[in-house]
Amino acid sequence: MLIFEQSSKGRVAHAQSPATKASLDDLPADMLRETPPLMPEVSEMQAVRHYTRLSQKNFSIDTHFYPLGSCTMKYNPRACNSLSMLPGLVDRHPYAPDSHSQGFLSCMHDLQEILKEVTGMKAVSLSPMAGAQGEFAGVAMIKAYHESRGDMARNEIIVPDAAHGTNPASAVMCGYKIQEIPTRDDGDIDVDALKEVLGPQTAGIMLTNPSTVGVFERRIQEIAALVHEAGGLLYYDGANLNAILGKVRPGDMGFDVIHMNLHKTFSTPHGGGGPGAGPVGVSERLEPFLPIPMIDYDGTNYRFITADDRPQSIGRLSAFAGNAGILLRAYIYARLLGRQGMTRVAEYSTLNANYMLKKMKAAGFEAAYPDRRATHEFIITLRKEAKDLGVNAMDFAKRLLDYGVHAPTTYFPLLVPECFLIEPTETESIDALDNFVEAMIKIREEAETGADRVKGAPYTLPVRRLDDVKAARELDIAWKPAE
Amino acid sequence: MSYIPSDLLFTSSHEWVRDEGDDTVTIGITDHAQELLGDLVFIELPEVGDTIEAGGEAGVVESVKAASDIFSPVSGEVIEINEDLVDSPELVNEQAYDNGWIYKIKLNDPSEIDGLLNPEAYTEVVEADEH
Amino acid sequence: MPFIPHTEEEVRQMLDAIGANSIEDLFDEIPADLRSFSLDKIPEGLPEMEVAHLMHERARKDSNVHCFIGAGAYDHHIPSAVWEIATRGEFYSAYTPYQAEASQGTLQLLYEYQSMMSALMDMDVSNASLYDGASALGEAILMAIRAHRKSKSKKILVPKSLHPAYRQAANAIVKNQDIELIEIPFESATGKTSLAALSEYAGTDITALVIGQPNFFGVLEDVDGLTRWAEENNTMTIAVVNPLAMSVLKPPGQWGDNGADIACGEGQPLGIPLSSGGPYFGFMCATQKIVRQMPGRIIGRTVDLDGKPGFSLTLQAREQHIRRSKATSNICTNQGLMVTAATIHMSLLGAEGLARAAAGSHDKHRKLVSGLSAIEGVEVKFDSPVFNEAVISLPVDNATVLEALAADNVLAGFDLKKDYPELGNALLVCATEKHSAASIDLFIEKLGALLAS
């Protein structure tokens with residue numbers, strides 16, 4: 001039942017304030033609202049009960065194994081939440097003067113330094129509010145760089161066919177054309193194809209490493225040299241940074257600009273779809289173009305770096321300073337982990353993924369890249385099961401929900417048929433990994449005795465499979481009371 | 001194998017063209033294309049009066065999980081669009097070659113249709129696709 | 001090891017299963033010459049208790065201020081239940097509802113959110129959020145250009161009375177797509193967008209007109225007049241509004257003869273703490289006609305296999321994971337958790353509670369401004385109705401005043417001199433329902449004493 005359907009006219013919650021409505025008699029009548037908006041009228045307990053019960057309809061990291069590939073669904077330490085909400089931090093106004101902001105600014109400055117060090121970049125701006133905005137900022141900096149040199153002919157960004165959809169979408173927002181290059185059967189990009197498309201029109205290339213197919217791009221140094229030789233720059237999509245944190249750095253690989261997804265690698269909450277945070281790091285030549293604001297420290301005081309300091313900046317991407325509260329959570333996480341803890345993130349997420357891959361292969365599931373090491377994630381293809389048993393990757397995914405496991409990422413990357421992209425993360429125990437493999441084996445056994453049981457899943461959730469076609473054809477996206 | 005009528009012309013990007021004989025043609029997407037896309041939920045139509053180049057984007061067909069551009073097989077001015085598709089995109093799934101037509105064009109150059117695929121050539125395209 | 005559950009024995013067992021000698025072996029595909037670097041600048045890890053000490057100490061440095069800055073971020077009362085429920089693990093640690101059956105909580109909540117925002121704006125549809133108010137304006141401009149197929153100019157009229165940071169962010173977001181943002185001046189006496197200045201563009205091809213309500217100065221714009229101008233000139237309208245204010249002011253759906261085409265803005269006044277400017281959430285509503293040009297997630301109500309009502313992501317073919325380079329936006333992760341809080345907040349307050357909070361804030365603001373303007377030399381800058389904040393002009397250098405009052409922990413407002421030097425020594429001041437009478441009196445008294453000295 002919707003919250004609107006629990007309303008009673010005139011009912012109010014006690015928690016609201018003030019208790020009466022003040023006069024607006026200084027405002028002209030023709031500017032005022034004549035009829036109030038149609039909002040729920042419920043008691044405090046009704047609202048609390050309704051949303052508590054809704055929450056219970058969710059799978060989440062706190063309740064379920066959630067091996068959603070490319071999303072890094074690891075444990076979000078509670079301390080990061082509570083300490084970021086301390087008075088002084090949670091109620092600091094974004095325009096409070098630097099004199100009354102040294103606590104907050106020092107956290108942001110320290111986070112900038114930590115991210116620089118762990119990625120091997122020259123400078124970092126924390127301001128992008130999600131990975132996609134970080135991508136946008138990164139490509140915009142590439143564009144600003146070329147333009148600052150009078151190099152106006154570069155109008156193409158190269159993107160592998162397996163890239164996240166955000167990569168081409170971000171490049172187009174910056175006014176670029178997209179040049180796709182293929183991925184080879186071993187998961188690395190096709191360097192010969194890259195050579196063919198590189199040229200004076202190349203502005204840059206966007207890569208994820210480890211790539212979206214879950215393997216480390218082994219020829220990255222050669223790729224970097226080729227792109228740089230052609231006058232292009234290298235963009236690093238940090239979606240998979242968890243795999244290499246503290247083990248190898250994008251800056252050392254030759255990348256000129258990177259974004260990080262703090263809601264992945266630095267364990268800030270995924271929140272049912274955000275907020276994220278997508279700080280960008282750059283090599284020396286891109287530093288003047290970083291988005292504002294940033295934080296400076298002169299040895300005594302911390303202060304905001306603004307457009308006055310950085311006239312070549314691509315500008316600001318938010319009204320204030322990005323998703324500051326999320327950045328605080330990432331900072332707290334970084335201090336809890338420290339240097340060694342960060343390196344362990346890559347180590348144990350890689351251990352977990354390789355262990356799971358081995359178990360899956362031993363159980364007879366087909367790895368998409370059988371001769372490669374898994375990174376922090378790996379791909380299996382269920383094409384054999386789809387062909388022989390008539391149950392596809394979506395069917396397995398839905399049935400996994402009945403086994404109390406959130407499904408991995410399905411049907412991405414698009415170039416592997418019937419695929420699961422599985423990312424266990426470092427915070428899961430061996431038992432959770434074993435349980436997943438067992439559930440997959442059981443589902444396959446169920447399918448062997450008849451596809452219908454699996455194709456009809458899930459059975460134990462609040463709803464069964466939903467009619468997405470009806471949702472799109474008969475659009476109902478805002479409740480209206482019955483006539 | 002999907003249905004390929006013998007009286008139409010085709011493109012390798014899965015549009016069909018019916019020559020109406022008066023320098024106008026009717027255009028839609030093939031049965032094979034609608035099968036690949038699945039249940040269609042929205043068709044973005046061109047507007048009457050638009051001039052479109054051959055190979056240019058004339059609209060978009062959307063299913064729940066995919067979207068595909070309609071590339072105009074020929075150049076000319078749009079003279080009619082299938083308004084029924086606004087509320088009933090499923091017509092393209094159900095009757096791709098009849099009530100699921102998408103738009104009609106007044107040809108700039110009537111000889112342009114000579115460059116389109118005949119049913120046999122399009123059959124080969126589909127077979128290669130399904131292989 | 002922080003947050004890693006593995007015992008030594010388990011690690012051994014896992015490595016044996018893999019057939020590796022050490023964890024280090026698992027990184028053997030990475031070129032060896034990339035593997036040597038130092039992380040010396042990253043401090044050692046600390047136990048939770050020590051990190052807590054550190055954070056308490058830093059938080060204390062920024063505490064205990066009397067803040068009268070608004071300028072796009074407002075300190076309203078948030079019922080305790082809002083964040084108690086929003087930070088439940090099931091909301092806090094779930095992700096984008098890709099598996100609808102396992103995400104009905106988030107999905108239904110987002111559907112309710114879309115319904116509430118549509119009602120508050122009196123618009124047909126809402127998306128499930130964008131990053132913040134400023135980036136939402138950028139997205140709204142891109143949306144208007146897609147939606148207004150007849151307009152070819154890509155020219156957008158943006159009032160100078162709109163938040164400077166919104167104008168800067170929108171420009172940064174759209175500038176690479178040959179879009180021209182044209183600044184429209186405000187009347188110096190009223191602070192309102194100048195209809196006379198607009199007339200210069202009458203009859204030309206303008207894609208959209210942006211209208212703020214209230215504008216950055218707190219001034220109420222002639223929204224009906226501006227919207228009608230746009231309607232007469234085949235120009236789309238983009239409303240940028242304070243959502244809390246819309247509980248008492250005429251909402252965008254009722255502006256002019258046909259209402260605004262797109263309404264967007266900063267959702268922060270709906271239950272989100274100040275938190276140094278984020279995370280907040282951008283909202284966006286529109287008419288049904290242009291829903292397919294919207295960026296971001298949209299949730300739809302449908303039925304399951306058994307005919308039971310349920311919710312799922314819909315119109316996904318607009319989005320980057322399907323449309324890639326032709327998507328309506330690159331946005332994917334948005335501000336889900338903030339919207340969760342806002343939905344609970346709006347449910348608890350209802351229309352009446354929202355109106356009380358809005359009117360209560362306005363009332364405190366009136367008390368503040370009447371006290372301040374009674375001080376000799378202090379004047380209210382614009383002769384116009386305002387909502388919740390106002391521009392005051394000072395007889396002396398405003399930076400000096402801000403610094404002197406800050407020394408007494410009074411943050412006296414937003415300094416307008418940098419963005420609007422033509423306004424002289426002007427401050428944008430704000431109070432909300434949360435300000436105590438004592439706090440307001442303190443500001444008035446300190447400023448009075450300072451100017452008298």
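For clarity, every value in this text was computed on a predicted model and none was experimentally measured.
Between A/Gln133 and C/Tyr131, some side-chain heavy-atom pair lies under the 4.5 Å cut-off.
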- Applying side chain to side chain donor-acceptor pair (under 3.5 Å), run through A/Asp468 and C/Ser312 and close with a yes or a no. CA-CA 7 Å; A/Asp468 288 333; C/Ser312 68; 3.2 Å; yes

- Task: List the steps and the verdict of side chain to side chain donor-acceptor pair (under 3.5 Å) for A/His64 and C/Glu90.
- Result: CA-CA 10 Å; A/His64 296 81; C/Glu90 300 94 324; over 6 Å; no

- Query: Can you check side chain to side chain donor-acceptor pair (under 3.5 Å) on A/Asn58 and C/Ser103, steps first, answer last?
  - Reply: CA-CA 4 Å; A/Asn58 273 0; C/Ser103 314; 5.1 Å; no

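Aromatic ring orientation, C/Tyr95 versus A/His270: perpendicular (interplanar angle above 60°, classes split at 30° and 60°). Ring geometry, A/Phe320 versus C/His163: the interplanar angle exceeds 60°, so the pair is classed perpendicular (tilted spans 30 to 60°).
Among the candidates C/Gln108, C/Glu112, C/Arg88, the single residue satisfying the side-chain hydrogen bond (donor to acceptor under 3.5 Å, both in side chains) test with A/Tyr51 is C/Glu112. Here the rule is side-chain contact (heavy atoms from CB on, under 4.5 Å) with C/Pro273, and of A/Val90, A/Asp91, A/Leu89 only A/Val90 fits it.
Heavy atoms from other residues, nucleotides or ligands lying under 6.0 Å from CD of C/Glu403 number 12 at most. Summarising the local packing, CD of C/Glu84 is surrounded by 12 or fewer heavy atoms from other residues, nucleotides or ligands at distances under 6.0 Å. With a 6.0 Å radius and a threshold of 12 heavy atoms from other residues, nucleotides or ligands, C/Asn64 has its CG atom at or below the threshold. No more than 12 heavy atoms of other residues, nucleotides or ligands lie within 6.0 Å of CD in C/Glu48, so this atom counts as exposed by the packing criterion. The neighbour count for A/Gln340 CD, taken as heavy atoms of other residues, nucleotides or ligands under 6.0 Å away, does not exceed 12.
Residue C/Phe3 touches chain A through both its backbone and its side chain, counting heavy-atom pairs closer than 4.5 Å. Contact annotation for A/Phe104: both backbone and side-chain heavy atoms come within less than 4.5 Å of a heavy atom of chain C. Using a 4.5 Å cut-off between heavy atoms, A/Met73 touches chain C through its side chain atoms alone. With a threshold of 4.5 angstrom between heavy atoms, C/Ile322 does not approach chain A through any atom at all. With a threshold of 4.5 angstrom between heavy atoms, C/Ile298 approaches chain A through side-chain atoms but not through N, CA, C or O. With a threshold of 4.5 angstrom between heavy atoms, A/Lys143 approaches chain C through side-chain atoms but not through N, CA, C or O. Interface residue C/Ile4: backbone and side-chain heavy atoms are both found under 4.5 Å from chain A. Looking at A/Tyr75, the atoms closer than 4.5 Å to chain C (heavy atoms on both sides) all sit in the side chain, from C-beta outward. With a 4.5 angstrom heavy-atom cutoff, C/Val65 touches chain A only via side-chain atoms. Both the backbone and the side chain of A/Lys57 come within contact range of chain C, judged by heavy atoms closer than 4.5 Å. Neither the backbone nor the side chain of C/Leu402 comes within contact range of chain A; no heavy atom of the residue lies under 4.5 Å from a heavy atom of that chain. Interface residue C/Ser347: backbone and side-chain heavy atoms are both found under 4.5 Å from chain A. Heavy atoms of C/Phe281 lying under 4.5 Å from chain A are absent altogether. Looking at C/Val223, there are no atoms closer than 4.5 Å to chain A (heavy atoms on both sides), in backbone or side chain. For A/Asp30, the part sitting under 4.5 Å from any heavy atom of chain C is the backbone (N, CA, C, O) and nothing else. The contact between C/Asn409 and chain A is made by backbone and side chain atoms together, counting heavy-atom distances below 4.5 Å. Heavy-atom distances place both the backbone and the side chain of C/Gln168 under 4.5 Å from chain A. For C/Arg366, the part lying under 4.5 angstrom from a heavy atom of chain A is the side chain only. Of the atoms belonging to A/Gln221, it is side-chain heavy atoms, and not backbone ones, that fall under 4.5 Å from chain C. Only the side chain of C/Lys175 has a heavy atom closer than 4.5 Å to any heavy atom of chain A. Proximity to chain A involves both the backbone and the side chain of C/Thr96, based on heavy atoms less than 4.5 angstrom apart.
C/Gly360 approaches A/Pro18 most closely through the heavy-atom pair CA-CG, 4.1 Å. Annotation for C/Ser135 and A/Met129: closest pair OG-CE, 3.8 Å, computed over non-hydrogen atoms.
Between the side chains of A/His93 and C/Asp75, no donor-acceptor pair of N or O atoms lies under 3.5 Å. Side-chain contact annotation: A/Ser101 with C/Asp62, donor-acceptor N/O pair under 3.5 Å absent.
A distance-only check finds no donor-acceptor pair linking the side chain of A/Arg92 to the backbone of C/Ser63 [under 3.5 Å].
Going from atom NE2 of C/His6 over to atom CD of A/Glu428 covers 9.5 Å, rounded to the nearest 0.5 Å. Between the OG atom in A/Ser318 and the OH atom in C/Tyr166 there is a gap of 10.0 Å [rounded to 0.5 Å]. To the nearest 0.5 Å, atom NE2 of residue A/His50 and atom CG of residue C/Leu109 are 7.5 Å apart. Between atom CZ of residue C/Arg356 and atom NZ of residue A/Lys21 there is a gap of 10.0 Å, rounded to the nearest 0.5 Å.
The candidate from A/Gly276, A/Ala471, A/Gly315 with the greatest count of non-hydrogen atom pairs under 4.5 Å with chain C is A/Ala471. Ranked by heavy-atom pairs under 4.5 Å with chain C, the first of A/Met342, A/His263, A/Glu474, A/Arg11 is A/His263.
The pair A/Arg464-C/Glu101 does not meet the salt-bridge criterion, since no charged nitrogen lies less than 4.0 angstrom from a carboxylate oxygen.
C/Glu10 meets the salt bridge (Lys or Arg N to Asp or Glu O under 4.0 Å) test with no other residue; sequence neighbours excluded.
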